[in-house]
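Report on the structure given below.
Naming convention: chains lettered A, B, ... in sequence-line order (proteins, then strands); numbering from 1 in each chain. Computed from a prediction, not measured in an experiment: that's the story for all the values here.
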Amino acid sequence: MKPSIPQGTRDFSAAVLRKRNFIFSTIRRVFELYGFEPLETPAMENIETLMGKYGEEGDKLIFKILNNGLNHPDKKESALVDFESVLNGKTSKGISERALRYDLTIPFARYVAMNQGQLTFPFKRYQMQPVWRADRPQRGRYREFYQCDADIAGSNSILHEIELALIYTTVFNDLKVPVEIHLNNRKILQALAEQCGGESNLTNITIAIDKLDKIGLEKVKSELLERGLTNDQVRIIEQYISLEGENQKIIEDLQRLFSKSNIGIEGTNELIEILHEVQKSNPASNIKLNPSLARGLNYYTGTIFEIKALGVEMGSIGGGGRYDDLTGLFGVKGIAGVGISFGVDRIYDVMEELSLFPEKIQEGTVALIFNTGVEKYHLLHAAAVLRNENISCEIFHEQSKFDKQFKYAEKKSIPYIIIIGEDEISKNSATLKDLKTGNQQVLKIEDLKKAIKP
RNA sequence: GAGGAUGUAGCUCAGCUGGUUAGAGCGUCUGAUUGUGGUUCAGAAGGUCGUGGGUUCGAGCCCCAUCUUCCUCCCCA
């Protein structure tokens, strides 16, 4: 049979993995710096943990795992009945009782709900693991992809929003990816909904205005009308999403538009505080109010973030926000949460497109010890000395022409080669050559480490 | 889930209205060159033309199905 992998999944070669790990380790380091602790949860969850948490569309995109043993004679009849309900679009525990995780937030909520007695609140965790979606793959969209989430459970403090924004700034600064942090607040959208026929319209409004960037004002307006809003209501929304310009100007406009709405004022004040503190703590933060930012996921109730890479066509490379009732879905009330997520696969694509990966990260082996056919002992000894100094090196596997050994080093981006032949052994030394400059020198084995730049 | 494009050597791609033995560049390997690479030169290997059916005297090319990748919609990271 011809080897292949499932649609939308990928193998990662060494060159790709080194770059990915560069992103992962940057994010991990910053998460740790802010006091988040690691968590991993299983690839699969019980199916009822996931179903119904991501909306109707989300349910369709969850990968369900077929139960084992369906062919057992004793179960045949019940399996047939259960399968009938699957054919009617319902899930059935008789056919599937597990599913692959769809994101990291719901498993986190499940974990907090399960372990609330043991955890120290506020509970700050980060998690970097793959998630799976049965979506149709496209550029920047995969069926298996990684998320890196940091969330805080059990605190309403706005300090977290401020620090999460600072994490975004720090990580993308470290990666040298130019970004805009888009900021908005669901409370303001709620105030807007109240002015437009009540909260029942909130979802209709958020879904439509979230697309403003993509489809433009006219299409957003027609979508709003299709979703049953009146002309007057659409006019109010148009006024709202047309707000643009400097953050300060948008703030003033929001204050004017929602001067009579308590929730609107509350949301605006949160925005003001976050903007103020973030820019004061790290002036490099490119944080931008975006009134049309809504985010599809309905569990958000306060601040919302989204990260837009500058200079490339790419969907958002990160997002997050505050959700008041994280664990309510699992029967534990009163635990608020706030969190952010990094889309590593898209960050990778952006960095690739902008050529932002440092060349340095492709170096695995630092030195290649040529095989000159001398006693293996001499080669192994030199390798051991280097390895003791934490310099990664390898010995060419067989004696062969230098030409071949040089080419091997070149292919693997190994910066140094070391030659130990009869001449060198007689002088208890080694020849070290820097492949980049072409310079070479004869040194004592013990002095190699000094000549090799890390 | 709906619609559209795509697939030929390890990689990037040619391949005429259907006609003998499917080509190029790059890469790989061998040699010039058994202690000094990146250059050059000579040669070689490498293909069930995504897969399975069909039409035809004859299919890389036409038809059907299926899979992959990519694009639009939906949704998202």
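- Taking the centre of each ring, Phe63(A) and Tyr102(A) stay at or above the 6.0 Å mark.
- Closest to the side chain of Glu410(A), from the set rC75(B), rG38(B), rU30(B), is rG38(B).
- In this structure, Val374(A) and Glu223(A) both approach RNA chain B, and ranking their closest nucleotides by distance from the 5' end singles out Val374(A).
- Here OG1 of Thr169(A) is found 5.5 Å from CG of Asn282(A). Values are rounded to the nearest 0.5 Å.
- Between Gln138(A) and rU72(B) there is a side-chain polar atom (N or O) within less than 4.0 angstrom of OP1 or OP2.
- Note on Thr372(A): nothing from the nucleic acid sits closer than 4.0 angstrom, heavy atoms only.
- In this structure, Tyr348(A) has its ring center at least 6.0 angstrom away from the ring center of Tyr146(A).
- When only modelled atom types and interatomic distance are considered, Thr431(A) and Glu424(A) share a side-chain donor-acceptor pair under 3.5 Å.
- The closest side-chain donor-acceptor pair between Tyr408(A) and Glu394(A) falls under 3.5 angstrom.
- Counting non-hydrogen atoms under 4.0 angstrom, Ile207(A) reaches the backbone sugars and phosphates but no base.
- Ring pair Tyr126(A)/Phe31(A): centre-to-centre distance below 6.0 Å.
- The partner of rG19(B), taking Watson-Crick or G-U wobble pairs whose two distances both stay under 3.5 Å, is rC57(B).
- Judged by atom type and distance alone, Arg136(A) does not reach the base of rC71(B) through any side-chain donor-acceptor pair under 3.5 Å.
- The nearest whole Å value for the distance from the CZ atom in Phe396(A) to the C1' atom in rU34(B) is 14 Å.
- As judged by a 4.0 angstrom heavy-atom cut-off over every strand, Tyr146(A) is placed among residues making no nucleic acid contact.
- Here Gly319(A) lies out of heavy-atom contact (under 4.0 Å) with every strand.
- In this structure, Asp403(A) places its CG atom 10 Å from P of rU36(B), rounding to the nearest Å.
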Taking only distance into account, with no hydrogens and no angle test, what donor-acceptor pairs under 3.5 Å do side-chain atoms of residues 170-179 of chain A form with protein atoms, sequence neighbours excluded?
| from | atom 1 | to | atom 2 | distance (Å) |
| --- | --- | --- | --- | --- |
| Thr170(A) | OG1 | Leu166(A) | O | 2.7 |
| Asp174(A) | OD2 | Arg29(A) | NH2 | 2.9 |

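- Asn184(A) and Tyr300(A) share no donor-acceptor pair across their side chains, judged by distance under 3.5 Å alone.
- A distance of about 16 Å separates the P atoms of rC63(B) and rU56(B), rounded to the whole Å.
- Pair assignment for rG31(B): rC41(B), on the basis of Watson-Crick or G-U wobble contacts that are both within less than 3.5 Å.
- Contact annotation for Glu144(A): no contact, since no heavy-atom pair falls under 4.0 Å across all strands.
- At whole-Å resolution of the value, CG in Leu435(A) and P in rG37(B) are 11 Å apart.
- At a cut-off of 3.5 angstrom, the base of rC75(B) holds at least one donor-acceptor pair with the side chain of Arg141(A).
- As a whole-Å value, the separation of Ile62(A) CD1 from rC76(B) P is 13 Å.
- Side-chain nitrogen and oxygen atoms of Arg295(A) include at least one within less than 4.0 Å of the OP1 or OP2 phosphate oxygen of rA77(B).
- On a pure distance criterion of 3.5 Å, no polar donor-acceptor pair joins the side chain of Lys401(A) and the base of rU34(B).
- The residue Lys436(A) sits apart from the nucleic acid: no heavy atom pair falls under 4.0 Å.
- Checking rC70(B), rU36(B), rC76(B) against the side-chain heavy atoms of Arg139(A) singles out rC70(B) as nearest.
- Using a 4.0 Å heavy-atom cutoff across all strands shown, Gly373(A) reaches no nucleic acid atom at all.
- A sub-4.0 Å separation between OP1 or OP2 of rU69(B) and a side-chain N or O of Gln7(A) is present.
- Across all strands, Lys433(A) comes closer than 4.0 Å to base atoms (heavy-atom distances).
- Here, rG43(B) and rG60(B) have their C1' atoms 29 Å apart, quoted to the whole Å.
- Rounded to whole Å, the distance from CD on Gln441(A) to P on rG35(B) is 22 Å.
- At a threshold of 4.0 angstrom between heavy atoms, the contacts of Ile317(A) are confined to the sugar-phosphate backbone, with no base atom among them.
- Protein atom CH2 of Trp132(A) is 15 Å distant from nucleotide atom C1' of rA77(B), rounded to whole Å.
- Residue Lys411(A) has no polar side-chain atom (N or O) positioned under 4.0 Å from OP1 or OP2 of rG38(B).
- The distance from atom CG of Asp423(A) to atom P of rU34(B) is 18 Å, rounded to the nearest whole Å.
- Among the atoms of the strands shown, base atoms are found under 4.0 Å from some heavy atom of Glu424(A).
- In this structure, Phe406(A) does not pack face-to-face on the six-membered ring of rG38(B), missing the 5.5 Å centre cutoff or the 30° plane limit.
- Computed from coordinates, the Gln399(A) CD to rU36(B) P distance equals 14 Å when rounded to whole Å.
- Residues Gly8(A) and Gln440(A) both approach RNA chain B. Their nearest nucleotides, taken by heavy-atom distance, put Gln440(A) toward the 5′ side.
- Remark: the separation of the C1' atoms in rG18(B) and rC61(B) is 6 Å, to the nearest Å.
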